Amino acid sequence: MIALLCAAVFDLILSGGRVMDGTGAPWFRADVGIRADTIAAIGDLSQNKARRRVRLGDLALSPGFIDLLGQSELNALIDPREESKVRQGISTELTGEGISPAPTNAAWIHEQEPWLRKYRLKIDWTDLSGYFRRLQKARPSINEALLVGAGQVRGIVLGFKDVQPDDKQLARMQKLVDAAMRQGAFGVSSGLIYQPGSFARTPELIALAKIAAKHGGIYATHIRSESKKIADALEEAFTIAREARVPVEIWHLKISGRANWGRMKEVIGRIEAARAAGLDVTADMYPWIASANGLDASIPDWAHEGGVDAMVARIRDPAQRAKMIREIDPELHAEDILLLSAVNPEVKKLVGKRLDAAARDLGKTPAEALVDLVAMDRANVGVARFGMSEEDVRLGLSQPWVAMDTDYGAMAIDGPFAAEGSAHPRAFASTARILGHYARDERLFSMEEAVRKMTSLPARRLGLQDRGLIRVGMKADLVAFDPATVRDTATFEKPMAYPEGIPYVVVNGKIVLDNGKRTKERPGRPLRHLP
């Protein structure tokens with residue numbers, strides 16, 4: 001153990017806990033002393049003075065958890081308490097899945113207009129520096145790291161049509177990525193099942209990833225298929241890694257669709273082979289058998305061209321609506337789709353129902369109900385999709401190169417987002433489920449390994465040199481949890497429930513969760529990537 005023992009007073013000492021330092025090594029007993037926002041000493045600090053001393057007893061003390069896909073870039077401006085993150089022990093998140101809060105323009109703002117109006121959020125920035133200024137002014141509770149979305153810059157340069165860039169347009173897209181990297185983005189991202197990102201071909205993505213690589217950034221991706229075409233989708237990610245010479249993060253690794261269950265072994269084999277060949281490819285997962293996204297993700301790609309207004313107009317055209325329904329119907333498992341959220345009050349009445357039940361209420365077939373609900377709520381319906389097997393989830397989570405994500409924005413059981421009435425339980429309970437269910441109860445891996453997956457592993461992927469470990473000189477992001485009692489309480493029926501067994505959370509040296517009670521501290525920061 002490293003210790004800096006001196007007479008000076010500490011701002012905070014967390015004493016006597018089982019230190020799980022983030023490396024995956026066995027825990028050890030130690031005190032951790034904090035001055036300002038930094039870990040200043042580790043060891044026996046019983047003779048040292050502190051402005052506050054918290055005796056941890058048999059609680060484990062780990063670095064703050066890092067969410068590799070957090071989705072709170074705008075949520076943090078609306079409700080900066082970020083309660084669902086804090087109560088999971090999450091102190092840092094990465095966000096920006098294919099689209100990002102910056103750079104932005106009037107066309108992008110229009111696409112988001114119903115959601116922005118609902119939460120009274122005005123976008124008053126155009127670039128990442130402007131967004132960071134707005135975030136800092138909001139005083140978030142946790143640290144926010146951002147990627148610049150490949151789909152975002154595509155929308156600015158090309159609009160929302162299925163077109164390919166010429167050399168001049170591609171150069172402009174690269175320039176936008178370069179500017180975002182210089183302003184602190186950690187890399188570039190893609191969401192290749194969402195529009196307009198899905199219109200991009202591999203060479204375009206390589207060209208943008210090369211700019212991120214030039215600045216020491218990463219390429220993170222929601223790959224083009226997570227079901228029957230997953231082999232091709234993985235190969236595209238590997239090609240980008242190889243050609244752009246960039247580290248690749250595969251977001252929310254999964255194999256979806258009942259016909260594909262059992263293929264996680266194949267997926268892991270392909271990633272292992274890529275790693276053996278020298279490609280820096282890793283992944284992250286949330287610990288659930290259901291995914292979540294917009295109901296409009298089931299709408300065929302061609303119908304999205306031109307943006308939300310154009311898609312809604314196509315749905316209202318009888319011939320195009322009929323064509324969509326014909327294409328959707330063969331692949332639709334309506335009983336596996338749970339309606340989670342909506343903006344339109346008429347659609348909101350159906351939240352909490354499966355799509356097949358909602359369709360019966362509407363007197364329509366499931367495919368008819370799907371397209372009509374998308375139009376009624378202007379593509380704002382959020383859903384959970386029960387498409388994965390528990391065996392595949394377990395196999396994926398157990399890989400040493402798989403970290404944790406929630407893939408959900410910060411919420412609370414009260415406040416502006418509580419009015420949505422529902423969520424995916426991953427929003428509230430992912431870290432506790434990994435610690436309690438998979439590590440302690442299922443013994444899929446050790447508690448120390450569970451901590452590593454949520455601390456040093458994601459920190460290393462992001463190149464964070466001062467977070468993810470309990471070491472002298474590191475930033476004081478810390479979480480104390482009870483290995484015996486930590487557990488998730490959120491369910492799909494009642495998802496808006498905080499976990500148990502996580503009594504203390506420290507962000508940048510400030511206690512934000514104090515013996516289970518939320519403090520008024522909001523010490524989070526925009527994190528800027530430094531090449």
Side-chain angles (χ1 to χ4, degrees), residues 1 10-35 37-46 50-67 82-92 141-143 404 428-436 439-440 446-456 459 467-472 474-489 498-519 521 523-524:
M1 290 184 292
F10 293 98
D11 293 311
L12 175 65
I13 292 177
L14 302 170
S15 69
R18 309 182 199 183
V19 175
M20 298 184 185
D21 64 4
T23 64
W27 65 265
F28 58 89
R29 292 276 184 191
D31 305 330
V32 175
I34 297 164
R35 292 198 193 95
D37 65 352
T38 301
I39 297 173
I42 304 169
D44 181 0
L45 305 180
S46 58
R51 293 184 175 88
R52 170 89 188 271
R53 183 183 295 268
V54 177
R55 302 186 187 280
L56 298 181
D58 276 338
L59 295 180
L61 182 66
S62 83
F65 302 139
I66 299 173
D67 183 350
E82 298 184 280
E83 198 83 9
S84 61
K85 304 287 180 175
V86 166
R87 289 183 178 272
Q88 289 187 74
I90 293 169
S91 58
T92 297
S141 296
I142 68 171
N143 305 306
M404 178 275 302
F428 286 82
S430 292
T431 66
R433 186 165 177 81
I434 288 173
L435 292 168
R440 182 191 60 231
S446 69
M447 196 70 74
E448 291 90 341
E449 173 64 5
V451 167
R452 186 189 71 85
K453 286 176 170 293
M454 300 190 288
T455 57
S456 68
R467 299 177 199 272
L469 293 169
I470 296 181
R471 292 284 189 273
V472 171
M474 303 291 276
K475 294 301 180 186
D477 292 347
L478 299 160
V479 54
F481 64 90
D482 188 339
T485 64
V486 62
R487 71 182 188 97
D488 57 297
T489 64
Y498 300 127
E500 296 177 354
I502 304 178
Y504 295 98
V505 178
V506 177
V507 178
N508 293 317
K510 301 293 186 182
I511 298 179
V512 291
L513 192 63
D514 191 350
N515 197 24
K517 295 181 179 179
R518 187 60 199 273
T519 72
E521 299 284 359

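Side chains included, hydrogens not; waters and symmetry mates left out as well; all remaining heavy atoms used. Worth saying up front: this structure is predicted, and the values here are computed from it rather than measured.
- Shown here for Ser456 and Gly22, the closest heavy-atom pair between the two residues is OG-O, 2.5 Å.
- Every pair passing side-chain hydrogen bond (donor to acceptor under 3.5 Å, both in side chains) that includes a residue from residues 55-66 is listed here, sequence neighbours excluded: Arg29-Asp58.
- Residues passing the side chain to side chain contact (heavy atoms under 4.5 Å, CB included) test with Ala450, sequence neighbours excluded: Ile434, Leu435, Ala439, Phe445.
- Taking Ser141 as the reference, Glu82, Val86, Arg518, Arg522 meet the side chain to side chain contact (heavy atoms under 4.5 Å, CB included) condition, with sequence neighbours excluded.
- Shown here are the side chain to side chain donor-acceptor pair (under 3.5 Å) partners of Glu521, two or more places apart in sequence or in another chain: there are none.
- Contacts of Arg487 classified as salt bridge (charged side-chain N to carboxylate O under 4.0 Å, His left out), with partners at least two apart in sequence or in another chain: Glu500.
- Partners of Lys85 according to the side chain to side chain donor-acceptor pair (under 3.5 Å) rule, which considers only residues two or more places apart in sequence or in another chain, are Asp67, Glu93, Thr406.
- Partners of Phe428 according to the ring pair (Phe, Tyr, Trp, His ring centres under 6.0 Å) rule, which considers only residues two or more places apart in sequence or in another chain, are Tyr498.
- Residues meeting the side chain to side chain donor-acceptor pair (under 3.5 Å) test with Glu449, sequence neighbours left out: Arg452.
- With sequence neighbours excluded, the residues forming a salt bridge (charged side-chain N to carboxylate O under 4.0 Å, His left out) with Asp21 are Arg471, listed by chain and number.
- For Tyr504, there are no ring pair (Phe, Tyr, Trp, His ring centres under 6.0 Å) partners two or more places apart in sequence or in a different chain.
- Residues satisfying the side chain to side chain donor-acceptor pair (under 3.5 Å) criterion with Asp482, sequence neighbours excluded, are Thr485.
- Under the 4.0 Å criterion applied to side-chain N and carboxylate O atoms, Asp37 and Lys475 are assigned as salt-bridge partners.
- The salt bridge (charged side-chain N to carboxylate O under 4.0 Å, His left out) test applied to Arg53 returns no partner, not counting sequence neighbours.
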